[in-house]
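Residue indices begin at 1 and follow the sequence shown. Side-chain atoms are counted along with the backbone in the values below, which use heavy atoms only and exclude waters and symmetry mates. Counting starts at 1 for both ligands and their atoms, following the listed order.
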Amino acid sequence: MAEARPVPEVDRAAAARKAVERRRARASLKRDLTTRVVTPQKVLAKAVADADSVEGSMRITDFLLALPAIGAGKRDRILDELGISPVKRLGGLGVRQRVALSRWLDGRFPVLEPRGARSRLLVLAGPTAVGKGTVAAHIREHNPEIHLSVSATTRPPRPGEIDGVHYYFVDDAEFDRLIADDELLEYAVVHNRSRYGTPRAPIDAALAAGKTVLLEIDLQGARQVRKAEPSATLIFLLPPTWDELVQRLVGRGTEGAEERARRLRTAKVELAAQNEFDHLIVNEDVAAAAAEVVELSSSSAR
Ligand code: 5GP
């Protein structure tokens, strides 16, 4: 009789590699939950759809702990309240447990109803380095039917930037005048450096002409537009993962540890603002993200 053959080295190495990959994917998912790159509702939906997925194999205890502002004590109370055993994995919840968890998530992390067809004024914002500018540039090039607002700024032009196309480059005195004459829909100091603002008149004219208007501005500006024009549609651009954003923010490694830490702290605060927005778009691919923005503009123009 043939002897049982030992598992070949290659298989063992492949299995070990797979286990490491899975651990990494789980750790990355936890970070995405903590930093709110994904909503817990989306993770639960994926876990339910595929129990063998990274989401499905996540322990309920790890899932809850990864959510903002939930510590071990609170986690245990929640599990008790929902009647879920701490050994359960997300993909292995019973129907009643799933429904209870999903209701609890909706109460604690409300997902805003999209306002859809209410406005032709779109605002594109998101965390630093997520690629808003690149998405807006793509739309400028491919969708001339959309009026892309040209901001005024006090920062000097970069090589290749054209006055009146990329920005209106103005000095401090002129920016003060724009504010004093109420010519800006919103304005803010960005990155503690220069001032940026959205000229009001071209937007009013474009809207009056029946065009869709897109503003690519920072978070402070987006909040001001929300106040001034409550019907505006606010779009938040998300990185595909938290790790990807970190790469884009500090990837070149040219900054010191302190600057790196400061940027990451800022990114976390910025990501937390996504709940204030009507639509979330993931910038995995620039053309696809731009197409989603354009799609929103056509549905809101109806
Ligand atoms: P940059 O100087 O790299 O072109 O832009 C820096 C930041 O300023 C970007 O986050 C951009 O979204 C923001 N920004 C550009 N124009 C405006 C504006 O008119 N208002 C506000 N609030 N932010 C702007």
- prompt: Is it true that atom OH of Tyr187 has more than 12 heavy atoms of other residues, nucleotides or ligands lying nearer than 6.0 Å?
  reply: no

query: Is it the side chain (CB and beyond), the backbone, both or neither of Tyr167 that lies under 4.0 Å from ligand 1, heavy atoms counted?
result: side chain

query: Does Asp176 pair with Arg195 as a salt bridge, N-O distance under 4.0 Å?
result: yes

- prompt: What protein heavy atom sits nearest atom 2 (O) of ligand 1, and how far off is it?
  reply: Tyr196 OH, 2.4 Å

field: Glu55 side-chain N/O to Ala45 backbone N/O, donor-acceptor pair under 3.5 Å
entry: no

message: Test your reading of the structure: does Arg155 have an N or O sitting under 3.5 Å from an N or O of ligand 1?
response: yes

task: Please could you name the atoms of ligand 1 that Asp218 approaches to less than 4.0 Å, counting only its heavy atoms?
output: 12 (O), 13 (C), 21 (C), 22 (N), 23 (N), 24 (C)

statement: For Gly221, the ligand 1 atoms with a heavy-atom partner under 4.0 Å come out as 22 (N)

message: Taking 4.0 angstrom as the limit and counting only heavy atoms of Ala188, give me the atoms of ligand 1 inside it, by number and element.
response: 22 (N)

query: Would you say ligand 1 has an N or O under 3.5 Å from any N or O of Val190?
result: no

Charged N-O contact under 4.0 Å between Glu174 and Arg177: yes

message: Could you check whether Glu259 pairs with Arg262 (Lys NZ or Arg NE/NH1/NH2 to Asp/Glu carboxylate O, under 4.0 Å)?
response: yes

task: May I ask you to decide if Thr241's main-chain N or O and Glu244's side chain share a donor-acceptor pair within less than 3.5 Å?
output: no

field: Short N-O contact, Arg155 and Glu161, less than 4.0 angstrom
entry: yes

- request: Looking only at protein heavy atoms, identify the closest one to atom 12 (O) of ligand 1 and say how far it is in Å.
  value: Glu216 OE2, 2.6 Å

Nearest neighbour in protein (non-hydrogen) for atom 3 (O) of ligand 1: Arg158 NH2, 3.0 Å

- prompt: What about Glu161: any of its N or O atoms under 3.5 Å from an N or O on ligand 1?
  reply: no

query: What part of Lys132, side chain, backbone, both or neither, has a heavy atom within less than 4.0 angstrom of ligand 1?
result: side chain

query: Does CZ belonging to Arg108 count more than 12 external heavy atoms closer than 6.0 Å?
result: yes

- prompt: Counting each atom of ligand 1 from 1 as listed, which ones have a heavy atom of Thr198 under 4.0 Å away?
  reply: 19 (O)

- prompt: Rounded to the nearest 0.5 Å, what separation is found between the CD1 atom of Ile281 and the CG atom of Leu296?
  reply: 5.0 Å

query: Judging by distance only, is a nitrogen or oxygen of Ser151 under 3.5 angstrom from one on ligand 1?
result: yes

message: Taking a cutoff of less than 4.0 Å between a non-hydrogen atom of the residue and any ligand atom, is Glu186 in contact with ligand 1?
response: yes

